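Written below as structure tokens is the structure these notes are about.
Just so it is clear, the values below take in all heavy atoms, side chains as well, and ignore hydrogens, waters and symmetry mates. As the structure is a computational prediction, the values presented were derived from the model and not from experiment. Note on naming: letters A, B, ... go to the chains in the order of the sequence lines (proteins, then strands), and numbering restarts at 1 for each one.
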Amino acid sequence: MWKESLPAHCPPADSELPASHQEFFRLVSGNPPTASDFDSQFEVLKKLGQKRKFADECIAKACSITTDPLRLQLVARFPLQVQRKLNTVVRVALTNDSGVIKQTGKDASHYSWWIKGSFDPVSASTLLGLIK
Amino acid sequence: MKRLRIVETLEFYDGPQLVRAVDIYDIEYICLAVEQSAEGIKFLASRIDAELMDRYQAGQVDLRYVFLNPVRNARRYEFTIADGLEDIQRARPLGTVPATWLPLHGSFIAKSRAHSGDGVATLDIRIDGQWELSDFGYFPHRYTEVYSFIYALNDSRKTNDTKYQALFERYPWRGGYSAVNFYDDLYAVIPRKERLDVATIAYASPGTIKVRANKALAKQIEELVNRLSENHSGVRDVYADIYHQLFEMKLLSMSSRDKRLQGNDRQKVSHLFSRLSSALNLRHADKVERFSGGDPLTAVKILMAFYRRALELTEFVDQGRVSL
């Protein structure tokens, strides 16, 4: 059902379906994006060979999205994003079939997104711009 | 090895990207995720203090600057987290920081998240006509001085009264650099999140300078400038008369350090202060006298210097080049 195998009680009970009026943005590596641009941190580290446990595996298996595209101008300049060439901002059209979201972290614009296995985030993405 | 305890996640995006940590002496470090590998996520830790953190969070310096300029030029460290942020991290001292571990230029905190104080808003200062490049230095400088003075009079924090008293009594007010230094010092008292920040400048005819400022204080400046604009000659006559009387009393180039006013002279100068204060109709103008240690000569000279600055702002409005 979910894109990744989630631990018990994940997604959290207070996660929600995205509201139709909400707009979400994510950094990707180009236009069009690739499927791996929507990898969670867990997936990225798994591909690198990490086997250790996460303190919060549920959050680690979510994909970050934001309602504030300006915030991505900073995030894109961080080393981890630079190394993965994540310098393109896309608007992701979420629907009731795309999974569930929850606002997480101290930044009110940041959401964790648990993606449904049947949802294709690549085709739901439209280019917003390139961060130079 | 240094033991660092992570106390706050500052930026989270597909995992912690930027965190704040403290060592066993509560010395603060800002730590940036720099590499991912089979071992986990490697962080670069650089010493920071409240001042530098404040400047970063106000958008005055970017994150690259923060990591290139650790407080006290302190050694930087690296550590790797594998399974969460709760544990104490054992950080290793680092020699040279690899270039790929630094944030790119322009890594400013998003404007939408930059710290701003209560009551701070973005205001439009509309500009028109022809501006020389130097005007873009001159006008904001005068605006900042007027803002600093009004801020001091409206500052309700009792703890700052001592600071203002020391500052108002610091300079001799015989002319020269007293006023310049005074206003620089006044501005330094304003918390960073309530200082004047430029949001945008659009130079055209008409154009706009968008400034983040304390809204209530900006309103007071607008009201003052409009009052002066409408009653130029009235206030100017009061100022000219006070100037003349101080000249006659040989007090223009003299400070209370040279001559302690007593009796009639003291009363007379105190009256001059009251006249200018009434003409300017400033809120909390009584604080000028209080902060000046009850010395009317210092108080009136400070108020005269303020008037000259407010008048210069008003001239921009009168010329039609600025609309507050």
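In this structure, A/Leu45 and B/Ser37 approach most closely via the heavy-atom pair CD2-O, 3.7 Å.
Surrounding CZ of B/Arg157 are more than 12 heavy atoms belonging to other residues, nucleotides or ligands, all under 6.0 Å away. When the shell of 6.0 Å around NZ of A/Lys46 is examined, it contains 12 or fewer heavy atoms from other residues, nucleotides or ligands. Annotation for B/Lys219: atom NZ does not count as buried by contact number, only 12 or fewer foreign heavy atoms lying within 6.0 Å. Within 6.0 Å of CD in A/Gln83 there are more than 12 heavy atoms belonging to other residues, nucleotides or ligands. Within a 6.0 Å radius of NZ in A/Lys85, other residues, nucleotides and ligands contribute 12 heavy atoms or fewer.
The shortest distance between side-chain heavy atoms of A/Arg77 and B/Arg64 does not fall below 4.5 Å. At least one side-chain heavy atom of B/Gln36 sits under 4.5 Å from a side-chain heavy atom of A/Gln41.
A donor-acceptor pair under 3.5 Å is absent between the side-chain atoms of B/Tyr13 and the main chain of A/Gln81, judged by distance alone. Remark: the backbone N or O of A/Pro79 is not paired with any side-chain donor or acceptor of B/Glu35 at under 3.5 angstrom.
Contact count versus chain A (heavy atoms, under 4.5 Å) is highest, among B/Leu102, B/Leu32, B/Asp14, for B/Asp14. The choice from A/Leu27, A/Thr66, A/Ile65, A/Asp39 that makes the most heavy-atom pairs within less than 4.5 Å of chain B is A/Leu27.
For chain B, the nearby part of A/Ile59 is the side chain; its heavy atoms alone come within less than 4.5 Å.
Between the CD atom in B/Glu39 and the CG atom in A/Leu48 there is a gap of 10.0 Å [rounded to 0.5 Å]. One distance of note links CG of A/Asn87 with CG of B/Leu104; it measures 9.5 Å at 0.5 Å rounding.
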